[in-house]
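So the structure is just underneath, and the comments pick up after that.
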Amino acid sequence: MNILILGSGGRESAFAWKIAQSEKCDQLFIAPGNAGTGQYGTNVNIKVTDFEAIGRFALSNAIDMVLVGPEEPLVKGIHDYFLTDEKLKTIPVIGPQQEGAQLEGSKDFSKQFMARHNIPTAASKTFTKDTLQDGLAYLATAGLPIVLKADGLAAGKGVLICTSLEEAQQELKEMLAEAKFGDASSKVVIEQFLQGIELSVFVMTDGVHYKTLPEAKDYKRIGEGDTGLNTGGMGSVSPVPFADAAFMKKVEERVTIPTVEGLRKENIPYKGFIFIGLISCEGEPYVIEYNCRMGDPETESVMPRISSDFVDLLQGVAEGNLHEKELIISDKVAATVMLVAGGYPGEYLKNKTLTGIENLRGSHAFHAGTYLDGEEIKTSGGRVLAVTSLQDNMFNALQQATADAARIYFDGMNFRKDIGFDLL
Ligand code: AMP
Ligand code: GLY
């Protein structure tokens, strides 16, 4: 098969690394890819939202499957674009159509979906510009802290946790009346704050059957000890000790099954990944968000733990026979430490030369925000490189990934040295 992966981050590097190992994969292309993805396939200089160019490329290169990494093309309808084109409609796209992608593209949609299917989540109410006064009044009666969520995609910045009523009311005004996040905040979900420990659960589905991939924990804050600003993710670990068999059974019964069944009952076609962002409150799972794709940097820890052929599983998703496919999960522990640019998650440094990958001793480097400048690797993104180690136990994985992270160098480089150590 010829496979095209869309995206350019660490997640897509991990997909490419895994897919390139499959005997079923003939040619692999990554659009646009980064300095590392060229090791596994051929980079193609096309933007993930340029559907026409992607379609043309797929036809002229006999692509048999398109795997969509990030949410933006899904929410904008790349799968629908393929399905409505006579020539493209036979090429399977892994990732939901626009309707299903609303699970991530609209927080209000996802909250209503959860309510319809009795899926445990925080209590919430949605407000618009027209109901701003009601929203302000609602805040006055709600407890603190309180969570405000822009309805649409806001590049990971649309969730605010407010600790005072003044702050919450001010933010609500800015989001609704002043379009703080543009169109994305034309609706705002006000949600009860849940106290607990977070977990990322990944479900692969063909729309009827599903398989639960290895779970992971993501470290979102920039600073050690989970302090400072939120980022796209500073590291990840899989498996997660508190997600034991009893907890995962609750997740499957209360969340996964009603989600997949709910989509099917509502006639929402869904072929792809459902990323369930959970909080465990005293051992009970609550959904804080759905994403219509895999997580980053979770995928960098999840892919190495899948021992079976990933392309075979993707074919199951495409063909509707996922239940006949084998998912083998390794008992080993994967830890990922993300190297980020100086200044990130604020304004950050770019175009710095990255060295040291050849010095890694027991980890794999998944490129994220990098490009090639002649022979040199240069930085381009806030999240630059994911260093992932797969080891027999958690301590060794954490220690190896952290030690190897320090073997990379670029000007202004930063990484957390405590990823996963809270789990020991
Ligand atoms: P999201 O952009 O939906 O991933 O949310 C960003 C982060 O906000 C999550 O990873 C949580 O840490 C936090 N968060 C979201 N919703 C809640 C909630 N209801 N209670 C507590 N924390 C939340
Ligand atoms: N790591 C969180 C995300 O991918 O949204």
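Atoms within a ligand are numbered from 1 in the order they appear, just like the ligands themselves.
Salt bridge annotation for Arg221-Asp226: absent, with no cationic side-chain nitrogen under 4.0 angstrom from a carboxylate oxygen. Remark: Glu191 does not engage Lys125 in a salt bridge, criterion side-chain N to carboxylate O under 4.0 Å. Here Lys173 does not pair with Glu178 in a salt bridge; the nearest charged N to carboxylate O distance is not below 4.0 Å. We find that Lys149 and Glu289 are not joined by a salt bridge, their nearest charged nitrogen and carboxylate oxygen being 4.0 Å or further apart. Salt bridge status for Asp312 with Lys24: present, with a side-chain N to carboxylate O gap under 4.0 Å.
Of all protein heavy atoms, the one lying nearest to atom 20 (N) of ligand 1 is Leu194 N, 2.8 Å. Among all non-hydrogen protein atoms, the one lying nearest atom 1 (P) of ligand 1 is Glu289 OE1, 3.4 Å. For atom 16 (N) of ligand 1, the nearest protein heavy atom (residue, atom name, distance) is Lys149 NZ, 3.1 Å. Protein heavy atom closest to atom 19 (N) of ligand 1, with residue, atom name and distance, is Glu191 OE2, 2.7 Å. What sits closest to atom 23 (C) of ligand 1 on the protein, heavy atoms only, is Ile161 CD1, 4.2 Å. Protein heavy atom at the shortest distance from atom 11 (C) of ligand 1 is Glu198 OE2, 3.1 Å.
In this structure Ser186 satisfies the side-chain contact (heavy atoms from CB on, under 4.5 Å) test with no other residue, sequence neighbours excluded. Residues that satisfy the side-chain contact (heavy atoms from CB on, under 4.5 Å) test with Lys265, not counting sequence neighbours, are Glu261.
Ligand 1 places these atoms under 4.0 Å from at least one heavy atom of Lys220: 10 (O). Per-residue contacts place Phe193 under 4.0 angstrom from the following atoms of ligand 1 (heavy atoms of the residue considered): 20 (N), 21 (C), 22 (N).
The aromatic rings of Tyr138 and Phe127 lie tilted to each other, with the angle between the two planes from 30° to 60°.
Sorted by first and then second residue, the pairs that involve residues 268-300 and meet ring pair (Phe, Tyr, Trp, His ring centres under 6.0 Å), not counting sequence neighbours, are Phe15-Phe273, Phe202-Phe275.
For atom 8 (O) of ligand 1, the choice among Val159, Leu278, Leu153 with the nearest heavy atom turns out to be Val159.
At a 4.0 Å heavy-atom cut-off, the residues surrounding ligand 2 are Asp218, Gly232, Phe275, Arg293, Gly295, Asp296, Pro297, Glu298, listed by chain and number.
Taking the six-membered ring where the residue is Trp, the centroids of Phe82 and Phe51 are separated by 6.0 Å or more.
Contacts of Lys107 with ligand 1, taken as heavy-atom pairs under 4.0 Å, involve the side chain alone.
Rounding to the nearest 0.5 Å gives a distance of 10.0 Å between CG of Leu339 and CG of Asp404.
The shortest separation from a heavy atom of Gln195 to ligand 1 is not under 4.0 Å, leaving the residue out of contact.
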